[in-house]
Novice: 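Sharing a structure below in structure tokens format, with a few things to ask.
For clarity, every value in this text was computed on a predicted model and none was experimentally measured. Each chain gets a letter, A, B and so on, in the order the sequences are listed, and its residues count up from 1. Worth knowing before you read on, the calculation uses all heavy atoms, side chains too, and leaves out hydrogens, waters and symmetry mates.
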Number of protein chains: 2
Amino acid sequence: MPSLASAGTNAPATEATGTASATRSKSGAQSHGARSPRAGAAAHAGIAAHAQTDADASLAGHHASTCQAFACQACTVRGLTICGALEPDDQTLLAGLVQHLSLQPHQSIFQEGDAADYVYTITAGCVAMSKSLADGRRQITGFMGPGDFLGLAVEDENHYSAEALSPTHLCRYPRQRFRAVMQSVPALEQRLYALAADELALAQEQILLLGRKTALERLATFLLMMRRRAQQRGLPTNPLRLSMARADVADYLGLTVETVSRGFSKLRAMGAITLDSAELVRLAKPALLQELSGT
Amino acid sequence: MPSLASAGTNAPATEATGTASATRSKSGAQSHGARSPRAGAAAHAGIAAHAQTDADASLAGHHASTCQAFACQACTVRGLTICGALEPDDQTLLAGLVQHLSLQPHQSIFQEGDAADYVYTITAGCVAMSKSLADGRRQITGFMGPGDFLGLAVEDENHYSAEALSPTHLCRYPRQRFRAVMQSVPALEQRLYALAADELALAQEQILLLGRKTALERLATFLLMMRRRAQQRGLPTNPLRLSMARADVADYLGLTVETVSRGFSKLRAMGAITLDSAELVRLAKPALLQELSGT
DNA sequence: CGGGACTTTGAGCAAATTCAACCATTGTGG
DNA sequence: CCACAATGGTTGAATTTGCTCAAAGTCCCG
């Protein structure tokens, strides 16, 4: 599949790739019928083409460093992300490389197998990392939100795809130059090492969930995790905004959309949660969820 | 469960914890009946007590550095592990900290929730990292073999357990001192960052497997992965030695022992593999396995 | 040779998937 | 402004995969 993606130039703005939920059986991919017979071709349209930078001209080069630096001063996720770990001088160094991007839901950031030319920091929205099998089954390996760093583990090519799930803002850095800064700034290197360690711990948590938890346990775990994330970022938790579709939750939890939906209904019936809308959840009984989570 | 483990002093040399296979249903843990009613209490016996070092006295301190350095010179996994990335001087630095340990199958190295006092390099054998749920269901998050580094992602306490699956030799370093060396030796830091990145990529591969692959696909993927590992280490691949029990394979693949066994039988029936013994597999048709692996 | 641990095989069952229909929300065009 | 199509979510029924429970079969070690 990676090879198929290489020709990616432009695709219709509305493609189904992002929402074609994975299915468990090998024959499942076709069964979703009308949806995107060319799954995998994806919305690989070059980001630059779609990019709507805060200062659009900045994409042409990095002459806009002062302007960018100013934007960084005002950045709302500064404390959460890598910039917070840096001295002012080093921040300027990074600010000289940065490009700002805006993405719509379902827009691809990069695809499994692509050359890893950039690394990213997310300033707003929600991004999914995912891997797929040849027949289209998709597994989301993680969600990232404001403050998260994207591109940690990359070598020369990406081992996973990344896609915006909600309207998203990114800071993008050319990978080679970022790497150079990283090697000259020990604080940055250490910060990234710590981030990698965190991400690894999360991945192991996810492995436990996928390998050993029941559908309901997965869902309860997921909701509690989303709440913790929101708390860490100072986002509202009492209606908790999921920022993703059921299909994405399903692809994250290794389930089908239907099972996820049934799970939500069951949790609602138990009084554990309330739904303002499909995306806005109230965790009425966190203790019950905790118990249901199996952990 | 972490709190239960804290009192760990000595346990019988033969405990069942390591082999009590996880089960999917919440009630499953008890259903295995006679096996280890005190699951979770584990073989937490201090390693030092069981340790049979190559030069036993070394445990008392680190005065044996020259001796250890000599051992390191002869080390068979030097090229694979962190030592290979170091200057001779830095190697001596590490050699001054090292302690050699030998473990029997089922012996615990550390437990989820323990203080992370050491990091390890594996020189021989096979180690499983695992996480468990409250009711005893266990998930193995990864296997490590000769050359692998254990303790990458740790903060002050371990997020997972580690246990020897076959007779195993380890190099152990006090974590704080290792950390100090790490921070003074950029090459080491970068090597560990690279290892963390590799481990993360493996974890994501595992997430895809657990979330979206069928039992047979998991097994095929597993066998190919084990073969790749053996190749990387220059170990024999034609009878490929698994170095672990079916129960461990099951806990790694998110399945039950029975399903794993059926899978092996099915692969055998298809002619994809041959079994010299339960632990010695011949991959008769790697291409078929590749196809079956779903990737 | 005998005992125990591990592995394999079989039969029935249950959780989650598949397939299918229906409902709700949203945006569009008449 | 409302009908209506489209998308996403929910619910139901049948099916399937993998699990549970049970019983043999193997292998290893003393």
Novice: Can you tell me how far P of D:dG8 sits from CG of A:D251, to the nearest Å?
Specialist: 13 Å
Novice: How many whole angstroms separate atom CZ of A:R137 from atom C1' of D:dT17?
Specialist: 13 Å
Novice: Do the charged groups of B:K285 and B:E291 touch, with an N to O distance under 4.0 Å?
Specialist: no
Novice: For B:I273 and C:dT7, give me the distance from atom CD1 to atom C1', rounded to whole Å.
Specialist: 13 Å
Novice: For residues 268-278 of chain A, which side-chain donor-acceptor pairs fall under 3.5 Å, sequence neighbours excluded?
Specialist:
from, atom 1, to, atom 2, distance (Å)
A:D276, OD1, A:R282, NE, 2.9
A:D276, OD2, A:R282, NE, 3.1
A:D276, OD2, A:R282, NH2, 2.8
A:S277, OG, A:E279, N, 3.3
A:S277, OG, A:L280, N, 3.4

Novice: Just how far, in rounded Å, is C1' of C:dT18 from CZ of B:R212?
Specialist: 13 Å
Novice: To the nearest 10°, let me know how far the axis at one end of the helix from C:dC1-D:dG30 to C:dG30-D:dC1 is tilted from the axis at the other, five pairs an end.
Specialist: 30°
Novice: Pick one: which of B:T141, B:V257, B:I140, B:T256 meets side-chain contact (heavy atoms from CB on, under 4.5 Å) with B:D251?
Specialist: B:I140
Novice: Could you state the CG-P distance from A:L165 to D:dT7, rounded to the nearest angstrom?
Specialist: 18 Å
Novice: What's the shortest heavy-atom distance between A:V127 and A:A162, and which atoms?
Specialist: CG1-CB, 4.2 Å
Novice: In whole angstrom, give the distance that lies between atom CG of A:D276 and atom C1' of C:dT25.
Specialist: 15 Å
Novice: Just N and O in the side chain of B:T256: are any of them under 4.0 Å from OP1 or OP2 of D:dG18?
Specialist: no
Novice: At their closest point, which heavy atom of B:A230 faces which heavy atom of B:L240, and how far apart are they?
Specialist: CB-CD1, 3.6 Å
Novice: Using whole Å, report how far CG of B:L219 lies from P of C:dT8.
Specialist: 10 Å
Novice: Roughly, in whole Å, what's the span from CG in A:L253 to C1' in C:dA16?
Specialist: 13 Å
Novice: Enumerate all atom pairs, one protein N or O and one N or O from nucleotides 9-12 of chain D, separated by less than 3.5 Å.
Specialist:
from, atom 1, to, atom 2, distance (Å)
D:dG9, OP2, A:R246, N, 3.4
D:dT10, OP2, A:R246, NE, 2.8
D:dT10, OP2, A:S261, OG, 3.0
D:dT10, O5', A:S261, OG, 3.1
D:dT11, OP2, A:S265, OG, 2.2
D:dG12, N7, A:R262, NH1, 2.9
D:dG12, O6, A:R262, NH2, 3.1

Novice: Any side-chain to backbone donor/acceptor pair from A:Q139 onto A:Y252? Under 3.5 Å, distance only.
Specialist: yes
Novice: If you look at every heavy atom in B:G254 and B:R218, which pair is closest and at what distance?
Specialist: O-NH1, 3.6 Å
Novice: Would A:R229 and A:F143 count as a cation-pi pair here, with the cationic atom under 6.0 angstrom from the ring centre and within 45° of the axis?
Specialist: no
Novice: For a quick test of reading the model, state the closest non-hydrogen atom pair linking B:L165 to B:S243 and the distance between them.
Specialist: CB-O, 3.8 Å
Novice: Identify whether any heavy atom of B:G254 sits under 4.0 Å from a base atom; if not, whether one sits that close to sugar-phosphate; answer base, sugar-phosphate or nothing.
Specialist: sugar-phosphate
